[in-house]
Q: 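Sending over a structure as structure tokens; questions will come in a sec.
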There are 4 protein chains.
Amino acid sequence: MSKKKVVLAYSGGLDTACILKDLLMRGYDVIAYIANVGQQEDFDEIADRARATGASKVFVVDLTPDFVTEFIFPAIAGNAVYENRYLLGTSLARPVIARGQVEVALAEDAHAVAHGATGKGNDQVRFELAFAALAPRLEVIAPWKEPDFLQRFQGRTDLLAFAKQHGIPVEATAEKPYSSDENLMHRSYEAGMLEDPASPPLDDMFKLTRSLEETPDVWTDVTVHFEDAVPVRVEAPSEGVDLTDPVSLFSYLNDIGGMHGIGRIDMVENRFVGIKSRGVYETPGGTILHAALRDLEGIAMDREVLRLRDMLSPRFAEIIYNGFWFSPEMDFIRAAFQQSERLISGRVDLRLFKGNIICRGRESTSSLYDQELSSMDVAGGYDQEDARGFIRINALRLKAHKLILRKTGEE
Amino acid sequence: MSKKKVVLAYSGGLDTACILKDLLMRGYDVIAYIANVGQQEDFDEIADRARATGASKVFVVDLTPDFVTEFIFPAIAGNAVYENRYLLGTSLARPVIARGQVEVALAEDAHAVAHGATGKGNDQVRFELAFAALAPRLEVIAPWKEPDFLQRFQGRTDLLAFAKQHGIPVEATAEKPYSSDENLMHRSYEAGMLEDPASPPLDDMFKLTRSLEETPDVWTDVTVHFEDAVPVRVEAPSEGVDLTDPVSLFSYLNDIGGMHGIGRIDMVENRFVGIKSRGVYETPGGTILHAALRDLEGIAMDREVLRLRDMLSPRFAEIIYNGFWFSPEMDFIRAAFQQSERLISGRVDLRLFKGNIICRGRESTSSLYDQELSSMDVAGGYDQEDARGFIRINALRLKAHKLILRKTGEE
Amino acid sequence: MSKKKVVLAYSGGLDTACILKDLLMRGYDVIAYIANVGQQEDFDEIADRARATGASKVFVVDLTPDFVTEFIFPAIAGNAVYENRYLLGTSLARPVIARGQVEVALAEDAHAVAHGATGKGNDQVRFELAFAALAPRLEVIAPWKEPDFLQRFQGRTDLLAFAKQHGIPVEATAEKPYSSDENLMHRSYEAGMLEDPASPPLDDMFKLTRSLEETPDVWTDVTVHFEDAVPVRVEAPSEGVDLTDPVSLFSYLNDIGGMHGIGRIDMVENRFVGIKSRGVYETPGGTILHAALRDLEGIAMDREVLRLRDMLSPRFAEIIYNGFWFSPEMDFIRAAFQQSERLISGRVDLRLFKGNIICRGRESTSSLYDQELSSMDVAGGYDQEDARGFIRINALRLKAHKLILRKTGEE
Amino acid sequence: MSKKKVVLAYSGGLDTACILKDLLMRGYDVIAYIANVGQQEDFDEIADRARATGASKVFVVDLTPDFVTEFIFPAIAGNAVYENRYLLGTSLARPVIARGQVEVALAEDAHAVAHGATGKGNDQVRFELAFAALAPRLEVIAPWKEPDFLQRFQGRTDLLAFAKQHGIPVEATAEKPYSSDENLMHRSYEAGMLEDPASPPLDDMFKLTRSLEETPDVWTDVTVHFEDAVPVRVEAPSEGVDLTDPVSLFSYLNDIGGMHGIGRIDMVENRFVGIKSRGVYETPGGTILHAALRDLEGIAMDREVLRLRDMLSPRFAEIIYNGFWFSPEMDFIRAAFQQSERLISGRVDLRLFKGNIICRGRESTSSLYDQELSSMDVAGGYDQEDARGFIRINALRLKAHKLILRKTGEE
């Protein structure tokens, strides 16, 4: 009888290396799945290590283009900001990784998928809900929730000992005083020394963004073009930059934004699993695009559509954060949002300087603010006398309310 | 028979000076009402001019303390941000001005109140809805909506001619290429050369905030203390600052924020009267307090309360922007928000630098993030195995949904 | 020079007959537009009267099929219930009538459209907002808001006198002690003796529904089939009924519902123009479909989609009521709702009896409630132990909240 | 060393009797807590059985008045209707029962609370979340989620055998083909033969309401008086009824409503634990009060307050259904709702007949619909010409939107 196959999301780190080995020892045929979502890694080397540890097959999948166009851009278009600040860089990467993993699992006729996310965090939820939504019959192996595994591996020391014992090749990095995660959209930091919310992070922790003191004293002017709320072109004439490829333009915004110290966030957030957690994030390109698109919406989006969209945006962000990207509620919201994104087209001129994104101008072929309309010559246009009736009718219920309060002696 | 009395909101500018005269010529006894909401003005001189133009009485009312504690602070506490950016500095000043005017009108047994706001803007709505809500039987005189008045005064030239003709004392200021409004919370700019949304404002237009190039190369560290979401103390040890008076601490944050170039916004917004308008704002102190309080909410506010609050915040901002401060819907929302503001107490450490507000730490006696709770020793605490059931139950409906899609051939 | 053409929404009643004549006297070429939205009328006779009064052309347009499929069914699918009770029969008819009128106006190259709706009501708003949205450059003539017209016609007597004077053929009906409006979806009653909200309507006022005392003592069992939330078939085996045509099945539900006394509503509602109004409605078929579809949603709609939909439904109803059917906010909501309506397919068995609609069973090929799923054998199924973790994680923040309240002495 | 004390919610049924015995066998000192929430039971007899089974103490607590005034009335006031139909009778009883149980546990210095709710249902969640919120450090024993207990008791037969073996006195009732729960607000039915959603319930299952065929042929007219949205008096002159005590008036409405066949609901609903469930309910008095209060809101509640309230009502119902009565989000919503309930005072005249609740009139001292206001003589009143400006300003953005669609060739 053939072994059961499991597809393991393998990062090459200590945890997933030990899990790979452990799954082999449990008798599984383990396929290593290595997702490239834009993190800076030597994927060949990671693949080699997976093979060396015993993976029967190794898949390195470049998800970066999908990540940008199917996850990052829609999130920005929908004003997805979790708890007023977090731009959801990690949350958005999880579903694209999980989808890739499920695709490998189905193609390889695997029986299970496995991941190394901790049992205290959000990522386990995001992975497992995506698995459930995409392949409800696949089994999920999550060692960090298994009593036995938790018992055996109570800390980094246990993992290192296990790795040594089994000759697992491990990257010889010193333990950092925090944990971090990176992808094309951002780099996140949590745990360790960051657990004290009263203390600032160390300045040398940051990788994608310069400290403000080290940013240039000259700004960079950048123009972002959108079509239907999707960034389609980024120009920075002073840099000789003119990009239209989604990954390229996003990467450029990361670089230039990072150089100008844009997009750092330090916050305490609410995890789906009911605990508060301190997170620090660097999201240079995403921060720029959020600012640019919100500005363009100013001239191109209808007021009442904006109201409805903004009422739903916190829920949209929550859906993403909690791991429900693949869900009927997401389809519901996305249908409305896509409707609202039609004709949000045009350009926004931005100045990047010392951590600031300064909107300096915007133009849209579908602007609801233009000469013809603001002068309102159409069909009689805006008549100041109209305001009288408008106000008086809006005032009616306020008057009635006041008179009732008076009549009933409530004031 | 005695003349009918009207209380005119008088700014000392050309418009309200001419309106004052015009009302006199219509046979009214005109009382000039001059509201101090923190704008930089010589109120004595304005009062003198009102008398010289013919006002029978002049009231100069200092509304600054009320403005800060009853309007600015609650708006910040409720995360009132209009269309994702505007902090509502003008919108918040209108109801406190209108309330003061109504109080004068009732005390003086006046028959009407009058204002000089244009018939195209938001302020007319805010004034008149407040009048309706507070004194439904008072008549409202709004010359800029009267056909006859609009006919006679088609531009600044007509007003100047009228002023000259009637010997109305007018401040000899050159016309600015934009219109602006100032109060303790902010300074706003619109119209004129700002009407082209594709062009940036001139740098010398700004008054409360320095351009980033002119900000100091050394940051200022400021700590803001809140009790029940209200700022109660601001410390800046390096400046020898420790303030607890609401107006003083807010003014200090304006000064220090302005020095560091904090709080400029340039946007196209949707007016209540149905047209889009370009507005530029400087709100240094308000911007700082918004950032600080959002950060404190991170550790001190319950997750689901935050969700509900944030879903209602855009509506709260809209209510303020549209002029419904005094309304039953505002009372409804404020009741919930006040409940949510209980125990949002503690301190936030901020670094102000080059337009940035950097949260560096926060502490709260009512923190929902603290050692006891995050280690979760209470009643068994957080158990990683719990996450398994949590996720599996959350996944149930996603699985069912997927299976139905498959069964019905929808994918 | 040729006369300006105006297309008048002509009902054949006294008001629009006088308006037709008045427009002729103002020098217009008047085209009478008679919309058939399912009201019981002799349209030929109305057309003859329009011609006799002087209409240069008369269009009788049967909008009934469009009304049912494009307006009534989507409203029911979206759970459009205004202020918890009103099913929006009149509100839904206005946009289809206005759209037909605009089509005639554009085809006839008319300069204006005119209507006879009163200046105090909702219908004027609905007509004129639809005109604005569909043909922004068409002029709108609304005599009941014109000072001169209002002055000349202060009551029914003035209209009768004008009709007599100009030989306008008028239906010789006695004035009713209320005003009413009818279309395929409902019959509405307001004004006159209904203005006292403390008194019940007269029993003989109702036309579409029997009084409960007069309903049969035997019930009728009806089965309604839906596809994607659209009624596609109605069966009543005991009556030999099996209908699939939208107008036919809706008409049948009106008949059978009316016979069983279903769908009367008596309420005080809030008009868009700021006043409260008492309305009485009969909506037999619509009431049945609402009940049936809500029931089907129970088995076929995802929980979180239902939550989002139900949060937006009151806004959806408000959009319809206020006359914004043709608006970007409606497009936004409809996009989401249409997504939620996919796979809401199946049958609902209803018993109609004495004003009651009793759901007795439902079945759906896309049921999320079925044997496979409720026994939950898939992927491990429902495990009672999972509930432990689920509850414990949900309880975490409640515990933290309580402990903080205790710690801070708040209780 | 003394035994650990546990307070068990004891119903006297087979399940909790066996659990009581089982807890004793585990070495606990078991205190039986019997909550009277209005169900028809012989509480003395139940208490005797608890003692006979081995409870060291028995508390029978009459929670009925609290249940009515602190739970039922606020739920009705807040329009709490779960998934458009369920009035939450069971959900509302759980928190009052849990609160009473916690009070006993704290007074008795118990170490744990226990309940016999199944691991598949909502009630376990409601009980345990209430325990967590009220007494975070109390241990919770829930045998129906324990693997060992589930293993031992796989069905009713196992329970009966255990009872027989240990001489546990059990009520000699035949097993019903469904399970049911009763309290003052309602009676619910689920499971067993009701699990097939395609089949109607048996008519003889119902206990609180007559079948429509058996209802009287004469209606009963009832008047309900509210103060601040709380029912304060019920009159039925034809019955000689005039009640003001909360429990009495609610009980009367149950009786008279049940006699007229009011308040049956048959639906498929979404449980918090992720599965759909078929539930059948009888809620005669609650249904009447919901109808009456919604009607009164028509004349007494401000339009925009009603909008906000109705947007939050589904969330309010969800909070109750899911067991978060004692939660900060509930406090948030209740604060707003209580504000909205002020001055919702007056009387509603209802006719109860054949399952129908017919509103025939309403009157309120705080009516926003009254002669003074509807004729709108105040401050100029309603002017039909005002509607022109009102509509034109509302139309502005619709026109702009249409022109942009045209200009961009989108239609």
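Proteins get letters first, then strands, A, B, ... in listed order; numbering begins at 1 in each. Source: prediction; values computed, not measured.
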Q: For D/R388, is there an ion pair with A/E385 - N to carboxylate O distance below 4.0 angstrom?
A: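 Between D/R388 and A/E385 there is no salt bridge, as every charged N stays at least 4.0 Å from the carboxylate O atoms.
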Q: A/E83 and A/Y321: side-chain donor and acceptor closer than 3.5 Å?
A: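 No, because no side-chain N or O of A/E83 sits under 3.5 Å from a partner of the opposite role on A/Y321.
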Q: Give, for atom CZ of D/R94 and atom CG of D/L129, the distance between the pair rounded to the nearest 0.5 Å.
A: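 Answer for the CZ-CG pair, D/R94 versus D/L129, is 13.5 Å.
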Q: Report, by ascending residue number, the residues of residues 323-347 of chain A in heavy-atom contact with chain D at a distance under 4.5 Å; give 'none' if the set is empty.
A: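 Listed by number: A/R342, A/L343.
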Q: Under 30°, 30 to 60°, or over 60°: which ring-plane class applies to A/F131 and A/F127, parallel, tilted or perpendicular?
A: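 Parallel, since the angle between the ring planes stays under 30°.
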Q: Are D/R233 and D/T244 linked by a side-chain donor-acceptor pair shorter than 3.5 Å?
A: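 Result is no, nothing qualifies.
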Q: Can you tell me which portion of A/T408 sits under 4.5 Å from chain D's heavy atoms? Options are side chain, backbone, both or neither.
A: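 Answer is side chain: those atoms of A/T408 sit under 4.5 Å from chain D.
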Q: What are the residues of residues 310-318 of chain A, in order of number, with any heavy atom under 4.5 angstrom from a heavy atom of chain D?
A: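 So far as heavy atoms go, A/M311 are the residues that approach chain D to under 4.5 Å.
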Q: Looking at A/E146 and A/R152, does any basic side-chain N land under 4.0 Å from a carboxylate oxygen?
A: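 No, A/E146 and A/R152 are not salt-bridged.
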Q: With a 4.0 Å cut-off on N to O distance, would you call A/D302 and D/R397 a salt bridge?
A: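 Salt bridge flag = yes for D/R397 with A/D302.
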Q: Does the side-chain contact (heavy atoms from CB on, under 4.5 Å) test come out yes or no for D/L306 and D/E297, once each step is laid out?
A: CA-CA 8 Å; D/L306 186 69; D/E297 288 171 358; 3.9 Å; yes
Q: Checking A/Q124 against A/K145 for the side-chain contact (heavy atoms from CB on, under 4.5 Å) test, could you report, in this order, the C-alpha distance in whole Å, the side-chain angles of both residues, the deciding distance, and whether it holds?
A: CA-CA 9 Å; A/Q124 58 170 343; A/K145 279 195 291 284; 2.8 Å; yes
Q: So how far is it from A/L296 CG to A/H225 NE2, rounded to the nearest 0.5 Å?
A: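 Spacing of CG (A/L296) from NE2 (A/H225) equals 11.0 Å.
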